[in-house]
Protein chains: 2
Amino acid sequence: MSRKPTEQGTGRPGIRQVAELAGVGIASVSRVLSGQPGSSTQLTERVLEAARQLGYAPNVLAQSLRRRTTQSIGFVCADITNPLLSSIVAGAESALSSAGYSVLVTNSGGVAAYEAERIKALLQRQVDGLILLPALENDPATLAALRSATVPIVVIDRTMPADLGAHGVLSDHEAGLGEATRHLLRLGHRRLGLAVGRHVRPSRERVRGVEAGYRALGLEPDLMVDSGMLSVEHGENAMERFLSDPRPPTAVLLGGIQLLEGALRAVRRRGLRLGDQLSLVCCDDSPLSRFHDPPVSTVHRDTALLGRRAAETLLAQIERPAPSEPLVLPTWFEARGSCGPAPAAAASTSVAAPPARRRSRKRAET
Amino acid sequence: MSRKPTEQGTGRPGIRQVAELAGVGIASVSRVLSGQPGSSTQLTERVLEAARQLGYAPNVLAQSLRRRTTQSIGFVCADITNPLLSSIVAGAESALSSAGYSVLVTNSGGVAAYEAERIKALLQRQVDGLILLPALENDPATLAALRSATVPIVVIDRTMPADLGAHGVLSDHEAGLGEATRHLLRLGHRRLGLAVGRHVRPSRERVRGVEAGYRALGLEPDLMVDSGMLSVEHGENAMERFLSDPRPPTAVLLGGIQLLEGALRAVRRRGLRLGDQLSLVCCDDSPLSRFHDPPVSTVHRDTALLGRRAAETLLAQIERPAPSEPLVLPTWFEARGSCGPAPAAAASTSVAAPPARRRSRKRAET
DNA sequence: TTGAAAGCGTTACCAC
DNA sequence: GTGGTAACGCTTTCAA
């Protein structure tokens, strides 16, 4: 050894320091510490002891550069602030970090331009995979960024162009809304309002679910759809629009929890009693839905599971890439007090009345 | 060139490919692409063109290894699922990624053992700094992990041992609870209930705030404190405990949004009318608080700002480490319908009555 | 102004 | 079994 390369004055100890202290070769240290077989117990122990003594921790950056895998994945999310999304993120993070992966989270705030940038940045950081919960399904910049990826991609609740080769983990929104719709129809409602987002799979599915619900009971859909940006304001506006229609729906379905507060505001302003004068269903549960008086009927799903499945799908694809069918997770309807018989219609249709619900509010005071 | 090292069959182009295509040295490519001055326009253009043509994107891993900075930070959070925390994360993420940093988020789920592990993992990934929102303030494993860090640490809303050298970004919980308390006292309440978490700064501060509120009006604190794990169940149990006390408080303060749903459950079960028979204040706003009937009085704070300030503090410390005073952000009280005059007490004390609130519910029906 | 070469801290291939 | 040593893909002296 004619020349010591790195004197490593301060700074954390490197693998060389360990090797030196243990009096072994640097390669042996690497072998022992990364748990590869084929080292004598002798050597193994000396290395371990030296590492412990120096408080050595490997530099993952260098490992990743060499091993060509970073054990990290990127999670691109439109809005972590949304409790639904954050629970998806949490579900995924938990599964991923149990598997030894780190998660790089980026919050695009729904701005498509950012989204593409963040995706590129993650790719340059050499993430081993990507989980996406994008605002849009067809933003050209985002798609371009994704196309340049060579790592597996899992998309949650979105349908991206097939040529991306992305793997899907989806919620079966159609089923839940079908259930909800049939419930409402059996209560005698005939005209429904539905507020949804724009240009994303869940919105399309929800519309289809409601229409399917009508057809399942042999009825022709009589549906007002309002699509917007899924905000509190959107909720309020949509509800206003529904209620001021010449032929207003007697029941409204909200395709997103962000709509609830605004919608309730409009309902309250009009002094309408939910479950009586107007029935309401909201997609995804929340404390507000559970605790509102009356509680708001809900189309449920397990969001943490959605995140976990996305993580598992990604890990499987990282391990062994292969084409895959989208994974579809269930959605189910829970009737609560916000749904009641249609106001003026005493079940005059041929459809069977629903099993009597436990509510029995005096409907006086109107 | 006697030997071509990397033939780079497939895989993404490296800096060498760019250099070769541009017919320049590898160092020049580096210089041009990282925007260093001192390259002829000639060369610059050829490099840029070649890079564009190959779709070259630098490998951040290699850059980081060489530059000894990863432009990434770690965010350790007890529970992203909590809307408050997720909005803090979002605030920080936004500031950090604008500054070109990536954020590694880990969700400890409040399990201290995980927390320490995740911190170590982040450190091995050579993050340039750490933002912490830990479950506990004094977990030995977590502290040990943190002590081994050589990068700046910012702690949000926690007081960690001083020898850590961590920088603090805090909320002034004491002020908000003082305000709330004075409001309640002026309404004639004399005995208050306070539910808080365990062993964390916000809880201590909240207790102090309430006590200070009493003293500010020349009163001796008459306070029931219930500390627990800040869950829905905790909220329910605490409220039950308060209400079944031989001398029950006439107003309750909840030190955390997670408590609200449970507390309201207990209130409803007892058939108590908020703002009449019982007054209620909750720390941090939520749709449920805003939309409850009556709306729940709230101690507000700007959580996104908290995250942003944490990020800014960290960036400043990364840039130029220096001792710092904790940054304290404001908290303020908003009275809503859930607070009313103390039931049996007709302001018989010397304290001035509050400015009449606009509520005027008929308090019959009891 | 430009380029060769020496690392950054690892891993993995080869000889010994 | 063990230990050189050549990469991994980049940045940064240092000479030219």
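Predicted model, so just to flag it, every value in this text is computed and none were measured.
Atom-to-atom, CD of A/E20 to P of D/dT2 comes out at 19 Å; the value is rounded to the nearest Å. Atom-to-atom, CZ of A/R125 to P of D/dG9 comes out at 18 Å; the value is rounded to the nearest Å. Rounded to an integer number of Å, the gap from CG of B/N59 to C1' of D/dT11 is 13 Å. If you measure from atom CD of B/Q63 to atom P of D/dC8, you get 17 Å, rounded to the nearest angstrom. Taking atom CG of A/L54 as the reference point, atom P of C/dG9 lies 14 Å away to the nearest angstrom. In this structure, the CD atom of A/Q126 is 14 Å from the P atom of D/dC8, given to the nearest Å. At whole-Å resolution of the value, CZ in A/R68 and C1' in C/dC13 are 15 Å apart. In this structure, CZ of B/R12 is placed 17 Å from P of D/dC8, rounded to the nearest angstrom.
Counting only distance, with no hydrogens or angles, the side chain of A/R158 and the backbone of A/E137 share no donor-acceptor pair below 3.5 Å. In this structure, the side chain of A/Q124 does not engage the main chain of A/A121 through any donor-acceptor pair within 3.5 Å.
Using a 4.0 Å heavy-atom distance criterion, A/Q36 is classed as a sugar-phosphate-only contact. If you check every strand for non-hydrogen atoms under 4.0 Å, A/L61 touches nothing. Contacts of B/V60 with the nucleic acid, taken as non-hydrogen atoms under 4.0 Å apart, are absent. As judged by a 4.0 angstrom heavy-atom cut-off over every strand, A/Q124 is placed among residues making no nucleic acid contact. Residue-level contact check: A/S39 touches the backbone only, with heavy atoms under 4.0 Å from sugar-phosphate atoms and none from bases.
At the phosphate of D/dG3, OP1 or OP2 sits under 4.0 Å from a side-chain N or O atom of A/S28. For C/dT2, the OP1/OP2 oxygens have a side-chain nitrogen or oxygen of B/S40 closer than 4.0 Å.
Listed nucleotides C/dA4, C/dG9, D/dT2 differ in distance to A/L65; the shortest reach to its side chain belongs to C/dG9. Counting only heavy atoms from C-beta on, A/I26 has its side chain closest to C/dT11 among C/dT11, C/dA4, D/dG3.
Atom-to-atom distance recorded for B/N59:CG and A/L65:CG is 6.0 Å, nearest 0.5 angstrom.
For B/E319, the CD atom counts as loosely surrounded, since its 6.0 Å shell holds 12 or fewer non-hydrogen atoms of other residues, nucleotides or ligands.
Scanning atom types as modelled, one donor and one acceptor separated by under 3.5 angstrom connect the side chain of B/R66 and the base of C/dG7.
A salt bridge is defined here as a Lys NZ or Arg NE, NH1 or NH2 lying under 4.0 Å from an Asp or Glu carboxylate O, and B/R309 with B/E312 meets this definition.
Residues B/R67 and B/R31 both approach DNA chain C. Their nearest nucleotides, taken by heavy-atom distance, put B/R31 toward the 5′ side. Each of B/A62 and B/L43 was matched to the nucleotide of DNA chain C holding its nearest heavy atom; the match closer to the 5' end belongs to B/L43.
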